[in-house]
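Below: one structure, written as structure tokens.
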Amino acid sequence: MNKRTFLQLAAAVTLGFSLTSFGQESKPIRVLLVDGQNNHSWKATTPLLKQALDSTGRFNVEVSTTPPQGAPADAWAAWKPVFTSYDVVLSNYNGQLWPDAVRTDFEKYVENGGGFVCVHAADNSFPEWLAYNRMIGIGGWNGRTEKSGPYLYIKDGESVRDLSPGAGGSHGDQHEFVVEVIDQKHPITAGMPPHWKHAKDELYDSLRGPAENVKVLAYAHSPRSGRNEPMMMVIDYGKGRVFHTPMGHADYTLKCVGFQSTLQRGTEWAATGKVTIPLPKEFPTAEAALSRE
Ligand code: ZN
């Protein structure tokens with residue numbers, strides 16, 4: 001090899017390396033959004049969840065739709081999402097139990113470091129699937145009681161695990177409510193106003209579950225339960241990170257700027273452990289909700 005060829009080769013290698021590292025830095029986060037069954041209009045909410053993520057330019061979102069309720073076994077056998085092809089899975093699913101093989105894959109995926117984001121009624125799913133309930137920390141309805149685990153709420157800034165008997169999961173009439181951020185050091189909530197008004201939503205209360213390794217970042221005071229109910233949670237499950245928000249009932253809820261920001265940052269954190277997505281300049285205040293199309 002003469003000197004010129006060597007220099008050309010060295011330059012090419014250097015360029016190749018720098019392109020590779022730049023490429024890795026800016027590589028979009030791969031999101032798998034699962035829907036297909038829900039007691040909510042998932043056909044209306046999935047596009048809004050996707051759009052909230054897409055608008056940041058940080059994500060590449062694919063949607064995997066399960067077979068419908070009552071579908072034959074061969075339809076379920078054909079639904080085999082490859083979770084490991086994604087950095088994070090986001091569930092907008094509340095329905096029948098996934099097949100054993102899919103559940104095993106999903107458990108392994110999160111255990112081994114995959115991210116998971118649970119939105120609103122996704123925490124109603126799978127009362128009988130222990131690993132799922134350990135991932136989401138707490139959930140509601142579908143027969144959940146004190147046997148599912150403690151009712152988790154916040155009192156004087158601290159988590160309370162209430163083991164007294166009762167049903168898991170309830171809500172009153174929908175209304176706007178103030179989200180109280182109690183952890184402003186976590187990457188998801190860093191810089192977020194400590195009190196901001198969320199758009200009209202169902203305020204879930206009395207959620208129950210294993211409640212292991214749960215850190216509550218924000219709560220809202222429920223007039224129905226009289227308690228401070230978790231609204232943003234992070235959960236460690238194996239090597240995986242889980243972000244869980246019980247907010248997000250309907251299309252109008254998902255237009256809340258505060259919700260969108262929460263979703264974007266929670267999803268980035270679940271995928272990477274970091275948050276680079278800035279908060280928008282205009283944000284809901286303690287007095288006024290703020291929505292955008
Ligand atoms: Zn709802």
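When a ligand or atom number is given, it counts from 1 through the structure's own listing order. These figures come from a predicted structure and were not determined experimentally.
With Leu90 as reference, Leu53 is the one residue of Val34, Leu32, Leu53 to meet the side-chain contact (heavy atoms from CB on, under 4.5 Å) rule.
Under the salt bridge (charged side-chain N to carboxylate O under 4.0 Å, His left out) criterion, Glu268 pairs with Arg58, not counting sequence neighbours.
Within the protein, the N, O or S atoms sitting under 2.8 Å from the Zn ion (ligand 1) are His40 NE2, His120 NE2, Glu202 OE1, His249 ND1.
Between His249 and Tyr204, the ring centre distance reaches or exceeds 6.0 Å. Aromatic ring centres of Tyr86 and Tyr109 lie farther apart than the 6.0 Å criterion allows.
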As a quick check of understanding, evaluate side-chain contact (heavy atoms from CB on, under 4.5 Å) for Trp42 and Thr65, giving each step before the final call.
CA-CA 10 Å; Trp42 58 270; Thr65 300; 3.8 Å; yes
Set out, in order, the CA-CA distance, both residues' side-chain angles and the distance that settles side chain to side chain donor-acceptor pair (under 3.5 Å) for Thr46 and Asn92, then state yes or no.
CA-CA 7 Å; Thr46 284; Asn92 188 27; 3.0 Å; yes
